[in-house]
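Structure, as structure tokens:
Bear in mind the structure is a predicted one, so any value in this text is a computation, not a measurement. Both ligands and their constituent atoms are indexed starting at 1 by order of listing.
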Amino acid sequence: MKLLIASRNSDKIKEIKMIINRLDWEILSLSEIAPDLEIIEDGKTLEENARKKAEIVMAKFGLITLGEDTGLEVDALQGQPGIYSARFAGEKATYQENVKKLLELLNGIKNRTARFRCVCALAFPNNLNIPTQIFEGICQGVIIETPKGNSGFGYDPVFMPEGYEKTFAELPIEEKNKISHRAKALLKVKEFLQKIDTQFHKIGYSKDLS
Ligand code: IMP
């Protein structure tokens, strides 16, 4: 089976490939097949953005396509930055600029609880007759005051997952990929794909999955 990831974010693609980890599935990303394709993320929810990415890319390339959108929701900021996580400090903001703005807004605030929410959309070629499927994964934690660790990306240096004394950026990537929002959503994606892979193989329809 071929699975196309509707993303050019190399940090995300690396994690998605590690988590899905099926040697018999070919996992491609936009970086490899359409590095210039821009999809405007103008949805009002993570689901709208994930669905839009998956469906536009599926319609263009005709492959089973995964769209993914993630947001960091901070309770003391009424769920911000949420869908604006990538551009919190401005349209072209770097990870560091976004983290700096977050820490400034939380300066002096005691309640540091937050969660990462990841929504994955799977869009299928029309001949498979499967509507777009939505999967969600959540990871609870707190925002610490000073960034720690060099692993991961984005807000990882300031996000300490519940039950841990280390930030995502201090944990080995294999450990983050066991407990993260993305891992939880992708586990559901993987189960769904395994189910249809088996079903299509049984009825000799596997050709259309590739
Ligand atoms: P988007 O899903 O491409 O809109 O990106 C959302 C933004 O959230 C990214 O630019 C990162 O800053 C951040 N982000 C997404 N996933 C993670 C993660 O696993 N750890 C830390 N930050 C993340």
Looking only at non-hydrogen atoms, the one of K12, E68, R87 nearest atom 2 (O) of ligand 1 is K12
d(L46 CG, S85 OG) to nearest 0.5 Å is 7.5 Å
- Task: Indicate yes or no: at least one non-hydrogen side-chain atom of N126 is less than 4.5 angstrom from one of M58.
- Result: yes
inquiry  = Using heavy atoms and a 4.0 Å limit, tell me yes or no: is F116 in contact with ligand 1?
reply    = yes
Restricting to heavy atoms, the pick from A169, G82, A86 nearest atom 5 (O) of ligand 1 would be A86
Parallel, tilted or perpendicular, judged at 30° and 60°: which one describes the rings of F153 and Y95? tilted
- Message: Can you confirm, on distance only, whether ligand 1 has an N/O atom lying under 3.5 Å from any N/O atom belonging to S85?
- Response: no
Checklist entry - Are any of the heavy atoms in D156 under 4.0 Å away from ligand 1? => result yes
For D69, state whether at least one heavy atom is located under 4.0 Å from any atom of ligand 1.
yes
Under 4.0 Å from one or more heavy atoms of R182, ligand 1 contributes atoms 15 (C), 16 (N), 17 (C), 18 (C), 19 (O)
Logged contact type for Y95 with ligand 1, heavy-atom cut-off 4.0 Å, is side chain
- prompt: If you measure from the Lys or Arg side-chain nitrogens to the Asp or Glu carboxylate oxygens, is any gap between K52 and D42 under 4.0 Å?
  reply: yes
Original post:
Is NZ or CZ of K188 both nearer than 6.0 Å to the six-membered ring centre of F135 and within 45° of the ring axis?
Top reply: no
Would you say I5 and L193 are hydrophobically clustered, going by side-chain heavy atoms of ILVMFWY under 4.5 Å?
yes
* Return yes if a side-chain donor-acceptor contact under 3.5 Å exists between T132 and E55, otherwise no. => yes
### Message
Looking at K53 and E41, is any side-chain nitrogen of the basic one under 4.0 Å from a carboxylate oxygen of the acidic one?
### Response
yes
Subject >> Mutual orientation of the aromatic rings belonging to F168 and F116 [parallel < 30°, tilted 30-60°, perpendicular > 60°] >> reply: parallel
For K176, the ligand 1 atoms with a heavy-atom partner under 4.0 Å come out as 18 (C), 19 (O), 20 (N)
If we number the atoms of ligand 1 from 1 as shown, the ones under 4.0 Å from a heavy atom of E41 are 4 (O)
Q) Any N or O on Y155 sitting closer than 3.5 Å to an N or O of ligand 1? A) yes
shortest atom 14 (N) of ligand 1-to-protein heavy-atom contact is with F153 CE1, 3.9 Å
Q) Going by distance only, is there an N or O of T70 that falls short of 3.5 Å from an N or O of ligand 1? A) yes
